[in-house]
Amino acid sequence: MNTTPSNILVINCGSSSIKFAVINPASEQALITGIAERLGEAGAQLVWRGSQQKNTTALETADHDLAMQAILTLLAEQQLADTLIAIGHRVVHGGEAFTHSTLINKAVKQAIADCQSLAPLHNPANLLGITITEKYFSQLPQVAVFDTAFHQTMPAKAYLYAIPYRFYKEKSVRRYGFHGTSYRYVAETACQQLGIDYQHSQLLCAHLGNGCSAVAVSNGQAVDTTMGLTPLEGLVMGTRSGNLDPNLFSFLADEYGYSLEDTSRILNKESGLLGLSELSNDMRTLEEAANQGNQQAQLAISVFCYQLAKTLGGLATALPRLDGLVFTGGIGENSSFVRQQVIKQLAILGFTLDEQANQQHGNKQGVITQPGSTCALVVKTDEELMIARDTASLVNQAPATPNH
Ligand code: ADP
């Protein structure tokens, strides 16, 4: 076991779970990964994997604090607790305050709290994760890595909504974009795979998981993206509607008597693939059903793919040329059918699919298009590694003392 103090603990704290990983930034290997899940419920449990098989420990009704104690005990048992040099936290919303990852201090925690109105489900949980880890790892510096930060390079013409300007000035209402940590990782990796210079590259990236978004990256900087003030805007997702007519709120109120909360819940939790298919939010399940002739599953997938292709076509407008379209996330990495549909729909951008490479999720370079075609490729995302890289680099620049 590695006993040199050189590893990073990566924490992704959600409202009912704590995902964690210990990563060695030199080898970029994860030494342990796991999740404490269903926190606050009867079935709370700690699931983790080291170099061997998956292990599960019951946590009974543990809350976040007890779960963190269990993670600390586990890391001590695995002789990893003493190898840590810093902790990196995923933080969903950094508003306009954070354009990069940052060492956490009191002012940073306050700024994360100030962004709570923009991400009421995520930021309080992220902050709780920071507070608890400070308690149990008080000697270690902590770093916040924001989902929104990468998109802060977008120009005003891309991030402003055409609504009265005072909402932006007074309440910071604008498009922020998410999945930024994933995009930084896959855009850089795609350039390595293609042998092109990231700082002079023109890319479109689509992160397609339960949440879905896309971004245009010009010379290593985000110039436009699909998610907005919240992650609801943009593409069709597992349970989120993506773009629609905002008048739907008043229409559903008139027709069904729905409150703002009702419609908001429907658009966030009951729409997207789930709403259209009336079967599942899970693309794998829908593909199986579609193959067996389920017409609503077929319809849901076709809406998903068409809207994605249409949006990518629009995003391409933000770039002077296109060096590559990157697919990532659970669907982007694994669904050859979705990629095929999207690439076919985007023929106008000069794509010609290599069917065999697509079935294999890419050739050696991840490429799924034919020679001479505009390039599309598959890159497996690794947000935890990106958080570990940022954390290691900030800690190596700064005095190794906690600054909270
Ligand atoms: P999250 O956003 O929660 O991290 P993931 O990135 O793991 O989610 O993506 C989950 C999605 O990926 C689900 O819709 C799942 O069905 C889909 N997916 C995973 N594997 C496959 C596959 N082999 N074929 C099609 N879809 C898949």
Side-chain angles (χ1 to χ4, degrees), residues 10-21 30 33-35 37-38 47 49 90 92 119 121-122 125-126 145 147 177-186 189 205-215 225-227 230-242 268-292 294 296-305 307-308 326-343 358-362 366 368 378-387:
V10 175
I11 296 282
N12 180 355
C13 187
S15 55
S16 63
S17 70
I18 304 175
K19 279 194 203 155
F20 63 96
T33 58
I35 181 168
E37 59 189 356
R38 294 193 223 131
V47 183
R49 184 191 289 270
R90 177 196 182 207
V92 167
L121 297 180
H122 293 104
N126 301 153
V145 179
D147 276 23
F178 299 86
H179 291 138
T181 310
S182 171
Y183 286 133
R184 269 197 299 143
Y185 179 80
V186 298
T189 306
C205 306
H207 180 112
L208 310 173
N210 281 310
C212 299
S213 74
V215 66
T225 193
T226 60
M227 281 181 168
T230 75
L232 181 60
E233 189 179 344
L235 304 174
V236 176
M237 313 183 206
T239 62
R240 296 189 196 120
S241 62
N268 279 285
K269 305 241 185 256
E270 299 169 20
S271 296
L273 292 172
L274 174 65
L276 277 170
S277 69
E278 297 184 306
L279 176 67
S280 173
N281 63 316
D282 189 289
M283 185 58 86
R284 231 172 327 187
T285 308
L286 293 181
E287 284 190 18
E288 279 162 22
N291 286 335
Q292 287 160 12
N294 182 318
Q296 257 179 268
Q298 291 167 1
L299 190 65
I301 297 171
S302 77
V303 173
F304 179 94
C305 294
Q307 293 299 335
L308 171 57
V326 182
F327 287 95
T328 193
I331 298 171
E333 292 163 23
N334 297 298
S335 175
S336 47
F337 182 74
V338 166
R339 291 191 305 257
Q340 179 202 53
Q341 296 303 300
V342 173
I343 293 294
N358 185 43
Q359 285 302 327
Q360 293 164 354
H361 310 301
I368 56 169
V378 178
V379 178
K380 190 175 178 335
T381 195
D382 196 339
E383 287 159 285
E384 286 80 15
L385 176 57
M386 206 68 204
I387 293 172

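Counting starts at 1 for both ligands and their atoms, following the listed order. For reference, positions follow the sequence shown, starting with 1.
- Any N or O atom pair closer than 3.5 Å counts here, and Gly209 shares no such pair with ligand 1.
- Formation of a donor-acceptor pair under 3.5 Å by the Asn126 side chain with backbone atoms of Gly14 is not found in this model.
- Backbone and side-chain nitrogen or oxygen atoms of His207 are examined, and none is located within less than 3.5 angstrom of a nitrogen or oxygen of ligand 1.
- Considering backbone and side-chain N/O atoms, Met283 comes within less than 3.5 Å of an N/O atom of ligand 1.
- Of the protein's non-hydrogen atoms, the one nearest atom 6 (O) of ligand 1 is Gly330 N, 2.9 Å.
- Shown in contact with Ser335 at under 4.0 Å from a heavy atom are these atoms of ligand 1, numbered in order with element: 25 (C).
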(request) Start with the C-alpha distance between Val236 and Leu308, add both sets of side-chain angles, then the distance that settles side-chain contact (heavy atoms from CB on, under 4.5 Å), and finish with yes or no. (result) CA-CA 7 Å; Val236 176; Leu308 171 57; over 6 Å; no
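- Distance check for atom 16 (O) of ligand 1: a protein heavy atom is found below 4.0 Å.
- When only interatomic distances are considered, the shortest N/O to N/O separation between Asn210 and ligand 1 falls below 3.5 Å.
- Classified by interplanar angle (parallel below 30°, tilted 30° to 60°, perpendicular above 60°), the ring pair His207/His179 is parallel.
- A distance-only check finds a donor-acceptor pair linking the side chain of Arg339 to the backbone of Asn358 [under 3.5 Å].
- Considering backbone and side-chain N/O atoms, Asp282 comes within less than 3.5 Å of an N/O atom of ligand 1.
- Glu333 places no side-chain N or O within 3.5 Å of a backbone atom of Val378 that could act as its donor or acceptor partner.
- With hydrogens and angles ignored, the 3.5 Å screen pairs no side-chain donor or acceptor of Arg184 with any backbone N or O of Glu383.
- In terms of protein heavy-atom proximity, atom 11 (C) of ligand 1 is nearest to Ile331 CG1, 3.8 Å.
- Considering each of Thr328, Val338, Asn334, the one bringing a non-hydrogen atom nearest atom 20 (N) of ligand 1 is Asn334.
- Checked by atom type, the side-chain pair Glu384/Thr33 shows no donor-acceptor distance below 3.5 Å.
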